[in-house]
Amino acid sequence: MKRSLGVCYYPEHWPEERWPENASRMVEAGLTWVRIGEFAWSRLEPVPGQLDFDWLDRAIATLGGAGLKVVLGTPTATPPRWLLDRHPDMLAVDANGRPRKFGSRRHYCFSHRGYLEECRRIVTLLAERYGRHRYVAAWQTDNEYGCHDSVLSYSDTARSAFREWLAQKYQSPDALNRAWGNIFWSMEYDSFDQIDLPNLTVTEPNPAHVMDFRRFSSDQVVAFNRAQVDILRHHTQAPIAHNYMGRITEFDHFAVGADLDIASWDSYPLGFLSDRLEASDAHRTAFLRQGDPDFQAFHHDLYRAVGRGRWWVMEQQPGPVNWAPYNPAPLPGMVRLWTWEAFAHGAEAVCYFRWRQAPFAQEQMHAGLLRPDNAPAPGFFEAAEVARELDTAHEVNVTGGDVALVFDYASAWAWDTQPQGADFDYFRLVFAWYRALRGLGLNIDILPPDTRDLSNWKVVLVPGLFTLPPALRDALATAGGQVIFGPRANSKTPDFAIPTALPPDLPGLDARVMRVESLPPDAHIPLEEGGAFRHWAEEAEGSAPVILRRADGLPALLGNEKLAYLAGWPSDETLPILLRQLCKNQGIETRALPPALRTRQAGDLRFWFNYSHEALTWGDIEIPAAGVVWVAT
Ligand code: GAL
């Protein structure tokens with residue numbers, strides 16, 4: 001497939017007479033897409049009910065006339081100030097009961113019906129006007145659901161909606177009391193109207209209560225997005241996307257993605273390394289100007305799954321950002337590398353954020369492809385280089401992996417609710433497995449937890465899945481190779497209780513976890529053949545064969561060549577050794593790559609990505625510092 005480039009652009013930030021020059025420069029640079037509009041509500045409707053779409057008509061005509069395809073965003077992440085006067089209670093409320101005020105963005109509660117109606121109104125107007133517009137080739141709903149911690153809201157409207165959601169789910173307070181175990185601490189309710197949101201309790205609230213609140217909150221995001229999609233579908237045939245973020249787990253992206261045509265995400269490698277990754281100081285220093293070698297790839301693979309094969313990078317970091325604790329500049333070459341890496345994972349398009357650095361407001365320190373004075377910034381030249389390469393390059397096709405990793409948002413909520421050890425974080429766990437697999441040079445597929453057919457993969461890994469959905473239980477019979485569960489897999493019922501049949505309770509595997517323990521960072525449990533468990537370890541028993549033991553004799557891995565259970569969290573050094581052996585048993589070829597070198601097979605091309613500031617060689621291939629090389633295979 002032909003891959004393409006684009007850019008995020010804000011015509012409302014610049015004098016109209018500059019638009020034609022901006023558009024022609026975008027085209028000259030080899031860009032195909034321009035995303036606009038997602039924050040422009042105050043200019044589309046300066047006064048309630050008085051709409052001004054003329055400027056947007058002209059902007060789209062200018063951009064489209066120059067040869068660009070427009071991605072039009074719905075502006076619902078930035079309700080204008082007057083909207084707040086109309087709906088003073090539309091703000092989200094934080095866990096301490098404080099409203100999250102106007103003055104930045106994402107200042108709305110997903111449960112507010114009045115705000116939802118306002119969104120329906122503006123989206124309808126946009127859809128009617130531009131749904132069949134020849135230059136509007138794709139749509140984006142809202143902007144980065146969940147960013148800035150904006151999913152959970154403890155507002156009065158959220159509380160009412162939560163009560164309705166609970167009444168629907170449980171039908172009677174008794175059923176809810178039983179499901180939650182409310183006899184504990186006399187927490188029983190006799191009416192849904194008595195149930196509050198799980199914040200500001202004296203000590204921890206009931207985990208079942210929190211888990212339902214997390215499910216409810218995710219459902220609110222899904223419903224909010226669906227309301228927009230339903231309207232857009234009436235008026236347009238163009239594909240609809242949303243731009244997700246990195247390491248946001250507060251809502252079920254698979255559920256939102258099911259309503260959309262394309263998943264996209266916003267990739268800020270240097271911001272993420274500084275801002276949202278557990279890493280040693282040495283790791284942060286080594287990858288300061290390159291970003292973590294696996295974080296982007298993980299999300300590429302995740303969003304390929306969320307988009308059921310169709311996905312983009314909607315925003316790609318082009319230079320220093322403004323929002324992380326430290327905001328270094330990328331090494332020369334990294335913007336090109338990040339872009340090609342996305343293509344190698346199957347991105348249809350990569351759009352840079354943003355065209356020109358804005359000299360005003362919150363993001364004035366955020367690089368664009370152009371500097372504030374309109375001259376090209378270093379990222380511009382790398383984007384243009386990729387555009388030239390795309391013109392002449394071979395097609396990049398998507399190749400699936402031999403190995404799959406299940407990712408489940410509900411498990412993230414569960415272990416957030418009840419970590420049982422300060423370091424037990426679901427994303428961290430799954431990402432550690434991903435990193436180890438990628439260090440073995442493998443293509444990896446990420447699967448949703450309701451996957452029904454496992455026959456495509458030789459190895460399927462299911463770390464930390466809090467409850468085993470019936471579909472996945474049934475799918476185990478379809479597995480062609482080895483499936484590994486654990487740690488903590490299937491250790492709760494959907495109601496957040498310990499199941500009567502102790503975990504993991506997997507078909508045909510006689511193994512039970514008798515006791516679990518969490519460990520502080522400096523503790524570990526050695527394994528018999530070297531390596532160790534860290535953070536989390538389980539004492540298991542049963543008649544399943546023991547594949548690997550702890551040094552103290554307890555089982556570490558039990559099962560057979562089809563299905564096994566891992567009773568602990570392997571250290572970062574241990575995981576690659578374990579996984580390498582597993583792959584070997586299944587006839588999967590692995591490579592032990594240096595930490596900065598990554599590879600991916602894409603159709604008949606093999607890509608090599610060098611995340612270090614020195615040239616690296618692999619066999620007879622030399623990959624320059626911050627470089628990417630592809631070879632036909
Ligand atoms: C993204 C967001 C953009 C912009 C960018 C800055 O999270 O979608 O609007 O704020 O970050 O890096």
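In what follows, residues are counted from 1 in the order of the sequence shown. Indexing begins at 1, ligand by ligand and atom by atom, following the structure's order.
The single protein non-hydrogen atom nearest to atom 5 (C) of ligand 1 is Y268 OH, 3.2 Å, given as residue, atom name and distance.
Of the candidates M245, R105, E38, Q317, the one placing a heavy atom closest to atom 9 (O) of ligand 1 is R105. Atom 1 (C) of ligand 1 has its nearest heavy-atom neighbour, among R354, E315, E363, in E315.
None of Y115, W41, F102, Y145 except one satisfies the ring-ring contact (aromatic ring centres under 6.0 Å, His included) rule with Y108; the exception is Y115. When Y434, W265, Y244 are each tested for a ring-ring contact (aromatic ring centres under 6.0 Å, His included) with H300, only one passes: W265.
The distance between the ring centers of F407 and Y426 falls below 6.0 angstrom. Separation of the F343 and H345 ring centroids does not fall under the 6.0 Å cut-off. Here W33 and W312 bring their ring centres to under 6.0 angstrom of each other. If you look at F295 and F287, their ring centroids are not closer than 6.0 Å.
Ligand 1 places these atoms under 4.0 Å from at least one heavy atom of W323: 6 (C), 12 (O). Residue contact check: H366 has heavy atoms under 4.0 Å from atoms 6 (C), 12 (O) of ligand 1. Distances below 4.0 Å separate heavy atoms of F39 from the following atoms of ligand 1: 9 (O). Shown in contact with D266 at under 4.0 Å from a heavy atom are these atoms of ligand 1, numbered in order with element: 8 (O).
Taking distance alone, with nitrogen or oxygen atoms compared against 3.5 Å, N322 stays at or beyond that limit from ligand 1. Taking distance alone, with nitrogen or oxygen atoms compared against 3.5 Å, E144 approaches ligand 1 more closely than that limit.
Here the side chain of T62 pairs a donor or acceptor atom with the backbone of R58 at under 3.5 angstrom.
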